[in-house]
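What follows is a single structure, written as structure tokens, with notes after it.
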There are 4 protein chains.
Amino acid sequence: MRLDQQKINQVNDQTLSEHRESFDHLSKVLGRKDVDANSIIGKLKEFQVAIPSWALGTGGTRFGRFSGGGEPGTLEDKISDVGLLHQLSQSAGSISLHIPWDIPEDVEAIKQLADSYGLLFDAVNSNTFQDQPDQKLSYKFGSLCHVDKAVRQQAIDHNLEVVKYGEALGSKSLTVWLADGSSFPGQLNFKKAFQRTLESLQAIYAGMPSDWKMFVEYKPYEPNFYSTVIQDWGSSHMLADKLGERAFSLVDLGHHLPNTNIEQIVATLMMVGKLGGFHFNDSKYGDDDVTVGSLKPYQLFLIFNELVDGMEDPTSNNPYPAWMIDASHNLKDPLEDLLQSLEAIKIAYAQAMLVDRAALEEARENNDPTLAQEILQAAYRTDVRPLLAQARLQAGGALDPIGTFRRLNVRKELIAARGAKTVSTGL
Amino acid sequence: MRLDQQKINQVNDQTLSEHRESFDHLSKVLGRKDVDANSIIGKLKEFQVAIPSWALGTGGTRFGRFSGGGEPGTLEDKISDVGLLHQLSQSAGSISLHIPWDIPEDVEAIKQLADSYGLLFDAVNSNTFQDQPDQKLSYKFGSLCHVDKAVRQQAIDHNLEVVKYGEALGSKSLTVWLADGSSFPGQLNFKKAFQRTLESLQAIYAGMPSDWKMFVEYKPYEPNFYSTVIQDWGSSHMLADKLGERAFSLVDLGHHLPNTNIEQIVATLMMVGKLGGFHFNDSKYGDDDVTVGSLKPYQLFLIFNELVDGMEDPTSNNPYPAWMIDASHNLKDPLEDLLQSLEAIKIAYAQAMLVDRAALEEARENNDPTLAQEILQAAYRTDVRPLLAQARLQAGGALDPIGTFRRLNVRKELIAARGAKTVSTGL
Amino acid sequence: MRLDQQKINQVNDQTLSEHRESFDHLSKVLGRKDVDANSIIGKLKEFQVAIPSWALGTGGTRFGRFSGGGEPGTLEDKISDVGLLHQLSQSAGSISLHIPWDIPEDVEAIKQLADSYGLLFDAVNSNTFQDQPDQKLSYKFGSLCHVDKAVRQQAIDHNLEVVKYGEALGSKSLTVWLADGSSFPGQLNFKKAFQRTLESLQAIYAGMPSDWKMFVEYKPYEPNFYSTVIQDWGSSHMLADKLGERAFSLVDLGHHLPNTNIEQIVATLMMVGKLGGFHFNDSKYGDDDVTVGSLKPYQLFLIFNELVDGMEDPTSNNPYPAWMIDASHNLKDPLEDLLQSLEAIKIAYAQAMLVDRAALEEARENNDPTLAQEILQAAYRTDVRPLLAQARLQAGGALDPIGTFRRLNVRKELIAARGAKTVSTGL
Amino acid sequence: MRLDQQKINQVNDQTLSEHRESFDHLSKVLGRKDVDANSIIGKLKEFQVAIPSWALGTGGTRFGRFSGGGEPGTLEDKISDVGLLHQLSQSAGSISLHIPWDIPEDVEAIKQLADSYGLLFDAVNSNTFQDQPDQKLSYKFGSLCHVDKAVRQQAIDHNLEVVKYGEALGSKSLTVWLADGSSFPGQLNFKKAFQRTLESLQAIYAGMPSDWKMFVEYKPYEPNFYSTVIQDWGSSHMLADKLGERAFSLVDLGHHLPNTNIEQIVATLMMVGKLGGFHFNDSKYGDDDVTVGSLKPYQLFLIFNELVDGMEDPTSNNPYPAWMIDASHNLKDPLEDLLQSLEAIKIAYAQAMLVDRAALEEARENNDPTLAQEILQAAYRTDVRPLLAQARLQAGGALDPIGTFRRLNVRKELIAARGAKTVSTGL
């Protein structure tokens, strides 16, 4: 399904003058502070976040799943859904596949389809946390860390197969998230598990094309409930460091213990040039995977404050990070939810770009925490929505993506096309 | 499947003299402190913990499930498994059914079967957190708290149906655990949701037989990730208080925020005569539902210290609580896991009975926290396993339940009888 | 010290036209949504937050204290400092005294002084968590919960003395925060401690004038590190309920376990008419007592969303809550810090007033969490600073309180008057 | 004050026969499992834990301090108190000084005094988290990370002075714990603060004697409440790695976010040969610094399980760690509290030595978490107190240290000698 650009424009037209007014006011206010609204708009237009293929259907918990209607049943449907998101938001310009949930049967056709929506293929994701129906050996007790070499080899082979699919589609990086760990004290030899994981990752790293990057994700718990082999950024960094210069840590917002200062981790990893990717979501309790910005928008801003700082730092050798939304939607329409996430991400990004960095550094040099806070909050409290709307408008998107999605009855049409009882692959 | 008592005895015989020696030593040591080992053994023999029907199969997480072999496929199989546990441990003398996972088709036959294993039916559990295939209205957005009266009525009717099943089997209480809540700020009107839940519970309460109790469980999060209607003991108590004198709070060890002092909650509820039931499990991060005592055995002891204190208090009007193991087993053999849980519970109970309460009260009156700690730890550090073994021996159980389970190849026989690829109903 | 109103006006004049422009734009935007900016401004002007006398000096931690210059050394100085805050912000119209840190020697003079700054005396605070030099019995092992009746009586008498001071000054409520609890398992009999605390509070309640309210604060830990007698809202509510209709719970933002849904607690207490007071601060880890809104401004907004909902509810019998900032400032200038806190509080309040409650209720009735979130975030993302500035301007305050504080060299003058090495009473 | 050995023996004699009986029984039980009780006793006798000089007086919180009587007012008194602890426990064979709280005026006399008690001087501790009365520049905004080079140099010089004192007394290591961090978002440039800290540590490292080690402690928060420069083991390890081979991480049990798997951190650091030291205490909420083993004795056992594993590993290049109790006692007699801590540490150590490591590895290789748990819990549930008592008895200590301390009226004598109102230096 593709939206008729005319219809998007028609919806835009209804609030265009109001938007113009707000945008003009904001441009003027920013201009007084020597901030060029157009420069920020330019960066917002460039900013693209990958949509993972599994986020397009309703997610679930161990207590059950309440699927919605019109969910994408095929890879083609999923690409089409990301295409819709991109058309409305102009920020969802890539898709991140999960193998084996999304094995492309006809690679060329898939590439052309994605291309027709203006979509690229971002990092590919392997899955060694579940057993597939035809799988020879089980991952019940781990994969890359498993005590049995044959299981480790199976997991290595799977990762290399994922890289092959990715290569065919134009991806340039592999994200490895491992559920490996233990649920009971005593179950695992921590040191041996770490060493085996390192060796397995080395085998995968060696098998990747020479222009590929590997992202090593960390997570403190779940689905294992006592220990995780890569439990924190320190462990992930230790692995990435030993693997080589194309290996990096990947930060997922939900993968931290309560109260963790995530922005400091981001800054530290960028300081040593090792932040490879970022998975966006939000949470109150654990890895809740709810809509980005729905609970802690200020934390998101503080993280973006470090990301912008790192990206703008001319002395940094950190690569441009891979961005992805990693959320799982229990109750909302998944597409609306992703539109809300995209909006929240770009709001935080725009606010972070508004931070007066020279003044902030001066306040820091003067040990003036009051002023430093004033500077951060002046940026954060600015209503930057007109900048986002303007960027979308210029790029052909919707002034109000969710409003437009509803006005154009997109979900209704998807249900009509796909049925009310589809269930998407994924969690 | 029933174990041959002769075989249990044969396994016991192999370590009997060693056991006798340890028991005699412990009895003597306790005797010096005026503790009568036999009195404790008597209470241990009386102590029975309900096994929930869903704990007999391998549990899962949202990331997948790795079923084991020989899992019970029918209610009859489940009762048989609890029978096995009871035969070995002599402490699993009741079963707690979950409707609709365990609807008894022939009530009389089921009762006779349970009776043949010496099992009673404890509290019955309703399920309004999942949609069943043939269900008319969905619980996606709540059940007893739902904005739609028809959904609430459906959930009320389901609970009353569960009571009916329970009545037929001899149960005397209903446990209500609600997933009701919200995953996003704004989704729910907290006050209206609470009022609707109260009204629904009142309807159920009114429909219960006059000798039944209702247990109102609380939980701060999961499967909802922003709010839960009955988020804590304070909310549960407020409901139980308004419902009437046969309504009580139910404490599940895993349903608390990080660092909660659960033992104080237990003491407080018993103080006002409102602790109705207790669900045992253990956890490190959230509601991990791992083996009882596998992570925080001292906390379990401190909780039992309050439970024993409340149960022994002649001025207390708190009813004898309903005990149940509420765990979900991802990696271990579920029956072995339950045997470990039963052992951990009884160890904590026995240790709590060893606490010199008169001396403890005196230390408290003297503001002597050092001595109070010495008294508690003297009890906790005692190796009470010989007391448990002796209680089992006297009742016809196994000196070493897990060792016996393995020696008698129970799982192998279950697989032979039921197959290697059974999947039990449950989470 | 009093600021020259002329000077405030002069500073205002420099940004007045820019402010007018932003305010006019916002009024227009709000007007389109049928929101009357002036009505919100009116409520903002009415909204007054009490400043506790101990927040005017630099606070400390157990690791030390780094006092700043010009701190108030006397009660008169403290009143003068609150006067300054009120002059700039027009929102700090009352002061909350802590006895024995702030015993007024000449009550009439103190009242006149406060009156000259337009200040009232809000809830008075007792202190039974420290031993004073001349104190007969120690609170080392508790106060209102103490095992020794004489200690309890001493603490009761102290509270009644605090009420007397408050009465003389025009206060109408007593806030009781207890450090009572235990640091080691076994130290305290939870039930007896609760009962003794209840009896002590009943004695205080009985001794209060009949138009006084009592606010019962709760806190899970610190300075006791194992248990607290009033550990949570459930315990506080149980006490308030038993005490009588002029006893209420008091919520301090920092007094919760990690991840607590505080807004739901607020809603629940207002539902039963038992939310008496609110202490503002912010925190990332524990009771960090840092500047309001410096870490979790969205949570603050969600709390205000419930507060506004409760205050606007015509069916509610909850009294208008007592507001106080309860922060302790380690690094910032205390007055600047309080100005930042006042700003953050009023921003959250203004945003909460912008929530389209009718639309929100409709979204809830339709189980539309996406729309509910859109409605909340539309309010939250609005830059309401022009409304606050306009309210201050109308009332004679500063458009930019902190900027004005700095431009007028207030701290420098205070140091000149009071010295660089003053140390304020307090934590 | 020195205890009369005769009197210790007399107290021992009263329970000697009971002890013998329990010890003989345990030896026999262990012997059946091929465990040599004497080998464990030998290791227990060798195991010595440093007592920090500041733990000998009553600690406090930001809310106040309730000092006890007979506290040590001088360094000589402190050494004497550690001597008492050592005499009773035979496990407190060293003292860890904190400069500037414990500057030795006459080094030779101090060394002789310590020697007369059989005490060594363990790691010395610097203090750059407080301002001393005569200090030139303030640490209010940090020390080794400070923006001002002069402050950093002052902190470097202080550390080198501490090393000098340590050298004179025979210490061989420096522990650096930094409060450096920020309490408000924006206050600190994370990357620059880390780099400055690294440079400062490099200067100290360069100034240490070539046979000294440096221990870099980490802590997530307090006294700073937003960020800490060395917030976790990953940051500490990054610094230690860059500093050189004599720099190591130091783990303090209380310095972790909620639910952290500390035993895995211990294993990881030992795996790479970088665990230098260990600070013992216990906590429920934050860095509560309460008695070791008073809350989470099983966690302590799991940590010792990794420590023993690392210490027994012939392939490990990790140095023997420095052990210290780092607790701060609010309510108990500090000496009794330290005796309880020493007991809890040695219980965990003895239990960890009982773990059947060969069987555990086999269970792990077989993916048998049930058996792995059985093996750990078999060790943990063993009542090892007779082993500890026997080790003390052989070394000339007390069978029951706290009982003996009370029977011999030690505190009463200390009060008689030092007065009832002494206040020790420290927190």
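Each chain gets a letter, A, B and so on, in the order its sequence line appears, and its residues count up from 1.
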Original post:
Which is it for Thr61(D) and Phe225(C) under the side chain to side chain contact (heavy atoms under 4.5 Å, CB included) test, yes or no, and what are the steps along the way?
Top reply: CA-CA 10 Å; Thr61(D) 71; Phe225(C) 290 114; 4.0 Å; yes
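- With a threshold of 4.5 angstrom between heavy atoms, Ser294(D) approaches chain C through its backbone and through its side chain.
- Taking CG of Asp131(D) as the reference point, atom CZ of Arg65(C) lies at 13.5 Å (rounded to 0.5 Å).
- Annotation: the span from Ser227(D) atom OG to Lys284(C) atom NZ amounts to 9.5 Å, rounded to 0.5 Å.
- Counting all heavy atoms, side chain and backbone alike, Val290(C) lies closest to Ser183(D) at CG1-O, 4.0 Å.
- Using a 4.5 Å cut-off between heavy atoms, Asn259(D) makes no contact with chain C at all.
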**OP:** Give the intermediate values and the outcome of side chain to side chain contact (heavy atoms under 4.5 Å, CB included) for residues Asn224(C) and Leu331(D).
**Re:** CA-CA 10 Å; Asn224(C) 271 300; Leu331(D) 301 175; 4.0 Å; yes
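- At least one donor-acceptor pair under 3.5 Å links the side chain of Tyr285(D) to the backbone N or O of Tyr226(C).
- For Thr291(D), the parts lying near chain C are the backbone and the side chain together; criterion is any non-hydrogen pair under 4.5 Å.
- Interface remark: of the candidates Gly64(C), Ala179(C), Pro223(C), Pro258(C), Pro223(C) forms the most heavy-atom pairs closer than 4.5 Å to chain D.
- Closest of all the heavy-atom pairs between Lys140(D) and Asn330(C) is CE-O, 3.7 Å.
- Ring geometry, Phe63(D) versus Phe129(C): the interplanar angle exceeds 60°, so the pair is classed perpendicular (tilted spans 30 to 60°).
- Cation-pi geometry between Lys332(C) and Phe184(D) is satisfied (NZ or CZ under 6.0 Å from the ring centre, within 45° of the ring normal).
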